Amino acid sequence: MKHAAGTLAFIARFVILGLAMAFVVGLFWPASGERMRARFGLSSTRPPVAATAPVVNGPVSYANAVAIAAPSVVNIYANKVVTEPAVKMYDNPVLQQLFGGQPTTYQHREQTLGSGVIVSAQGQGYVLTNNHVIAHAADIQVLLYDGRIAKATLVGADEETDLAVLKIEAINLPVIRMAGEQPLRAGDVVLAIGNPLGLNQTVTMGIVSAVGRQLNSSSAEDFIQTDAAINPGNSGGALINTEGELVGINTLLIGNAAGAEGIGFAIPVATARKVLDQLIATGHVVRGWLGADYAFVPLAANGGLPAAARGVQVTEIYPGGPAAQAGIKPRDILLQIGDSDILDPSDLRRREASIKPGSTVEVSGLRDGAPFHLEVTLAQRPATSASPSLGN
């Protein structure tokens, strides 16, 4: 028994000594184990090292997107005859009579620079642009991407959205590809293509700064705000995504005169498509109208209500309008139109504009905390002035 115990103790000391030597050898000569296994033909137990995949944060160039969209963007030159009052030389009526009087007005020609986007072809060469680019133009010329020049005729214009549709006679027109229903998000990369300051086709890059912007509270506006550089001449040009698809029509900017930089606006392609279809079909746009003005619902910070405002508060009723005839009153809270919840004033403006005049819808809300339901027959929206093009 003692002999067996001595043998086990000897083996244990020998194993411990061997492990200690292997540790020292591995510490000072780490590659020796691999060399020994290779010498005796033994396979390595170390797993193969995987190649590190490069981190891809995004495309290194947007040239492909530009190549897809740029041929569809055109330059527009609108020639206008402008009538202006003459400068008075003499205020005294006697002197005016002695020297033959004075003209009250005089006329001169002006040329407006802008951009446009080809939206259909095959004998139907329609170009979408801004209304303020071609308003009151005596003749309109379109310079295509390939250098051809075409005379354009006005199909129709919508002052409220500042959109217009032109028609040109030309063959082999490259049509822009419009983006799908996937909504834009703040932070998405966009590129503006147009004719700024007459420099011919120019591309600028930025991001979507915000969506759903409304600059005129009485209009159904839904602007995309972007910091992609937009300058005079970009109006009517394309705002595209990184796939070369049209996401908006560049419209206006808030310029240095207002102390702003990098604040431009574009009309979303969904809005532009609806206006385009109506202008081609009838030459004008028809919108529904409730006959009321409204604002956000006031929410007290400590009122215990959710932070997200829901509905609108009526601020004014137009006498004889649909809302007045239905019995809607100022300070009413409107929560639903038809079966849809009202999110905010701009949401209601867009919803009422999309309803055909003459249609009757149910409007639900609260009056002094009590619920009410009224039926309103919408009228056709009266003509309104277009939003100011701030610096563009």
Side-chain angles (χ1 to χ4, degrees), residues 72 74 76 78 80 112 114-140 142 150-170 173 175-179 181 214 216 218-223 235-238 246 248-252 266-291 318 321-322 337-338 346-361 376-387 389:
S72 305
V74 301
I76 294 178
K80 307 177 183 181
T112 301
S115 306
V117 182
I118 300 172
V119 290
S120 65
Q122 298 179 354
Q124 302 293 322
Y126 292 115
V127 175
L128 190 61
T129 186
N130 283 143
N131 176 63
H132 74 261
V133 171
I134 53 83
H136 312 298
D139 66 276
I140 305 168
V142 174
K151 183 176 177 62
T153 56
L154 179 63
V155 174
D158 181 50
E159 188 176 5
E160 184 167 333
T161 56
D162 196 19
L163 287 171
V165 177
L166 308 176
K167 187 174 182 180
I168 58 176
E169 301 294 336
L173 293 175
V175 178
I176 195 94
R177 190 172 68 205
M178 295 191 181
E181 297 298 325
Q214 190 175 18
N216 184 349
S218 64
S219 179
E221 294 174 340
D222 184 24
F223 284 121
S235 292
L246 183 72
I249 299 295
N250 300 320
T251 298
L252 59 94
I267 301 166
V269 67
T271 302
R273 187 186 283 115
K274 293 175 184 177
V275 173
L276 170 69
D277 292 341
Q278 289 198 55
L279 290 179
I280 291 176
T282 65
H284 62 278
V285 178
V286 175
R287 296 180 175 87
W289 184 57
L290 279 173
Y318 290 88
I337 181 168
S346 61
D347 177 59
L348 180 54
R349 285 289 180 208
R350 290 191 291 271
R351 290 183 185 278
E352 68 170 301
S354 65
I355 298 174
K356 185 178 179 180
S359 302
T360 300
V361 295
V376 184
T377 301
L378 274 70
Q380 181 172 337
R381 182 180 178 84
T384 60
S385 298
S387 300
S389 45

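Only a predicted model underlies this, so the values are computations on that prediction, with no experimental measurement involved. Atom set for the values below is all heavy atoms of this structure, side chains included, hydrogens, waters and symmetry mates excluded.
Put simply, CD1 on Ile76 and OG1 on Thr129 are 3.5 Å apart, with the number rounded to the nearest 0.5 Å. With rounding to the nearest 0.5 angstrom, the OG1 atom of Thr161 is 10.5 Å from the CG atom of Leu276. For the atom pair NE2 of His132 and OG1 of Thr112, the computed distance is 8.5 Å after rounding to the nearest 0.5 Å. Distance check, rounded to the nearest 0.5 Å: CG of Leu163 to CG of Leu128 gives 5.5 Å. The line from CD1 of Ile134 to NE2 of His136 is 9.0 Å long, rounded to the nearest 0.5 Å. For the atom pair CD1 of Ile249 and CD1 of Ile267, the computed distance is 7.0 Å after rounding to the nearest 0.5 Å.
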Item to complete: Could you walk me through whether Leu166 and Leu154 pass the side chain to side chain contact (heavy atoms under 4.5 Å, CB included) test, one step at a time?
Response: CA-CA 5 Å; Leu166 308 176; Leu154 179 63; 3.8 Å; yes

Discussion item. Could you go through Leu378 and Leu290, starting from their C-alpha distance and side-chain angles, then the distance that decides it, and tell me whether this counts as side chain to side chain contact (heavy atoms under 4.5 Å, CB included)?
Written reply: CA-CA 6 Å; Leu378 274 70; Leu290 279 173; 3.9 Å; yes

Worksheet item: Given the rule in the side chain to side chain contact (heavy atoms under 4.5 Å, CB included) test, do Val285 and Leu279 qualify, once you have shown the distances and angles that lead to the verdict?
Response: CA-CA 6 Å; Val285 178; Leu279 290 179; 3.9 Å; yes

Fill in: Audit row: Glu169, Lys151, side chain to side chain contact (heavy atoms under 4.5 Å, CB included) steps and yes/no
CA-CA 8 Å; Glu169 301 294 336; Lys151 183 176 177 62; over 6 Å; no

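Taking every heavy atom of both residues into account, Asn131 and Ala157 meet most closely at OD1-CB, 3.2 Å. Listed here is the closest heavy atom pair of Ala238 and Asn250: O-ND2, 3.1 Å. Taking each heavy atom of Ile168 and Ala152 in turn, the nearest pair found is CG2-CB, 3.7 Å. Nearest heavy atoms, Ile140 versus Ala137: CG1-CB, 3.9 Å. Of all non-hydrogen atoms in Gly114 and Val133, the two that sit nearest each other are CA-CG1, 3.9 Å. In terms of heavy-atom proximity, Asp222 sits nearest to Pro268 at O-CG, 2.7 Å.
Applying the salt bridge (charged side-chain N to carboxylate O under 4.0 Å, His left out) criterion to Asp139, with sequence neighbours excluded, gives Arg109. Partners of Ser354 under the side chain to side chain donor-acceptor pair (under 3.5 Å) rule, at least two apart in sequence or in another chain, do not exist in this structure. Residues that satisfy the salt bridge (charged side-chain N to carboxylate O under 4.0 Å, His left out) test with Arg177, not counting sequence neighbours, are Glu245.
Among Arg287, His284, Gln278, the one residue that satisfies the side chain to side chain donor-acceptor pair (under 3.5 Å) test with Asp158 is Arg287.
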